[in-house]
2 protein chains.
Amino acid sequence: MHPRYALVTNQLKKHQIRLSDRRLKILECLCYNLEHPTVDQIYVNLHKEIPTLSKTTIYNTLHTLAELGLIRIINIEDNKTRYDIITESHGHFKCQTCGSIFNFEVDLKFFATDELSGFKIMERNLYFKGICQECLLNKND
Amino acid sequence: MHPRYALVTNQLKKHQIRLSDRRLKILECLCYNLEHPTVDQIYVNLHKEIPTLSKTTIYNTLHTLAELGLIRIINIEDNKTRYDIITESHGHFKCQTCGSIFNFEVDLKFFATDELSGFKIMERNLYFKGICQECLLNKND
DNA sequence: ATTTAAAATTGTAATGATTACAATTTTATT
DNA sequence: AATAAAATTGTAATCATTACAATTTTAAAT
Ligand SMILES: [Mn+2]
Ligand SMILES: [Mn+2]
Ligand SMILES: [Zn+2]
Ligand SMILES: [Zn+2]
């Protein structure tokens, strides 16, 4: 069993949220698709296995998980939201050529600045955009 | 005349983009509304003065400015895009209570990490969310 | 085992920001 | 004045997300 799966299901139990079939499948999808899937990508992924799955259920489940801080919402794109099972501090790089979103290590947990003294910081996101290594190499051929 | 207005109009001239009435008014709006306005907010702001202004024109103008790197696109929210006339490196804090978006100083220009070596970084954004000082004070009364 | 109420899921319709696009107007050039 | 290119407008289309009522599933109570 995936370690994050265990972690999240424990938290759900603790908050008395049922470990329904749908929720567990959506969670599994997030654990094994680390490419920051959209709702639609999750839907397509699960559709073969669960043809009756509704997109509304995916939205509901993701909202539930996000409210408990068990997943992270990624607004690096303007049109659609992406979801990340990794909640520990890290940065994101979006390639504007191939669309991939890469993780990179960066610890923002203790970032502080005078200008925000007196503010309660609850979420920190670092987003980069550009062209990934592979796409740069493909350009010169 | 606002210094950023001068700067941007010069750049537009340089790129042979006409300094039309609409474009200049939208630009002026961005210079004096530093609250990271949405398309709708710009529209409402200018509607009294220019009742015939079309939202499409606002979208077109903002796209033009963004393509030239003269304004910055802010995707801190999931549903709507915000625009920022300040293109120099700085971070954003969104208050989840009052909705305001604050700037804070942070220089990401020279941020580097091994994981992104070989990547071409073209945009860097640091977004925080939480509760602003004023909203925190209002809570305890 | 039945009954019952709460929770979860589904499907459809509504919302709302953004885009596409054709028609019209404005601007610069000849 | 004629012409072509650029800019603007308004409407319709797109598409992700949300609202919501109907249905199904689950857990607890009898
Ligand atoms: Mn990530
Ligand atoms: Mn700003
Ligand atoms: Zn790429
Ligand atoms: Zn506030």
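Quick note on labels: first sequence line is chain A, next is B, and so on, each numbered from 1.
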>> Rounded to whole Å, please give me the gap between CG in B/Leu19 and C1' in D/dA6.
In response: 14 Å
> Please give, in whole Å, the distance from D/dA27 P to A/Lys13 NZ?
Replying inline: 13 Å
> Residues in side-chain hydrogen bond (donor to acceptor under 3.5 Å, both in side chains) with B/Asn79, at least two apart?
Replying inline: none
>> Going by side-chain hydrogen bond (donor to acceptor under 3.5 Å, both in side chains), name the residues that satisfy it together with A/Glu123, two or more places apart in sequence or in a different chain.
In response: A/Asn125
> In whole angstrom, what separates A/Leu62's CG from D/dT18's C1'?
Replying inline: 14 Å
> Looking at DNA chain C, which of residues 32-60 of chain B put a heavy atom within less than 4.0 Å of it?
Replying inline: B/Thr56, B/Tyr59
> Got a sec, which residues hit side-chain hydrogen bond (donor to acceptor under 3.5 Å, both in side chains) with B/Lys25, two or more places apart in sequence or on another chain?
Replying inline: B/Glu49
> What pairs with B/His15 under ring pair (Phe, Tyr, Trp, His ring centres under 6.0 Å), at least two apart in sequence or on another chain?
Replying inline: none
> Tell me the ring-ring contact (aromatic ring centres under 6.0 Å, His included) pairs involving residues 44-77 of chain A, sequence neighbours left out?
Replying inline: A/Tyr43-A/His47
> Within the pair B/His63 and C/dT18, is there a side-chain N or O less than 4.0 Å away from OP1 or OP2?
Replying inline: no
> Between atom CG in B/Leu12 and atom P in D/dA6, what is the gap in whole Å?
Replying inline: 16 Å
> Do B/Phe128 and A/Phe111 pass the ring-ring contact (aromatic ring centres under 6.0 Å, His included) test, and can you show the C-alpha distance, the side-chain angles, and the key distance before you say yes or no?
Replying inline: CA-CA 10 Å; B/Phe128 287 5; A/Phe111 180 95; 5.5 Å; yes
> Residues two or more places apart in sequence or in another chain: which of them pass ring pair (Phe, Tyr, Trp, His ring centres under 6.0 Å) with B/Tyr83?
Replying inline: none
Can I get a per-line list of side-chain donor-acceptor pairs under 3.5 Å for residues 96-105 of chain B, giving both atom names and the distance, sequence neighbours left out?
unit_1	atom_1	unit_2	atom_2	d
B/Asn103	OD1	B/His36	NE2	2.9
B/Asn103	OD1	B/His90	NE2	3.1
B/Asn103	OD1	B/His92	NE2	3.1

>> What residues from residues 69-85 of chain B pass a heavy-atom cutoff of under 4.0 Å to DNA chain C?
In response: B/Asn79, B/Lys80, B/Thr81
> How many Å lie between CD1 on A/Ile26 and P on C/dT9, as a whole number?
Replying inline: 7 Å
> In B/S/- notation, 5' to 3', how is nucleotides 25-30 of chain C contacted by protein heavy atoms closer than 4.0 Å?
Replying inline: ------
>> Suppose we screen for side-chain hydrogen bond (donor to acceptor under 3.5 Å, both in side chains). Which residues come up paired with B/Lys13, at least two apart in sequence or across chains?
In response: none
> For A/Ile131 and A/Phe93, which heavy atoms make the closest approach, and how far apart are they?
Replying inline: N-CZ, 3.5 Å
>> Under the rule for side-chain contact (heavy atoms from CB on, under 4.5 Å), what residues qualify as partners of B/Thr87, not counting sequence neighbours?
In response: none
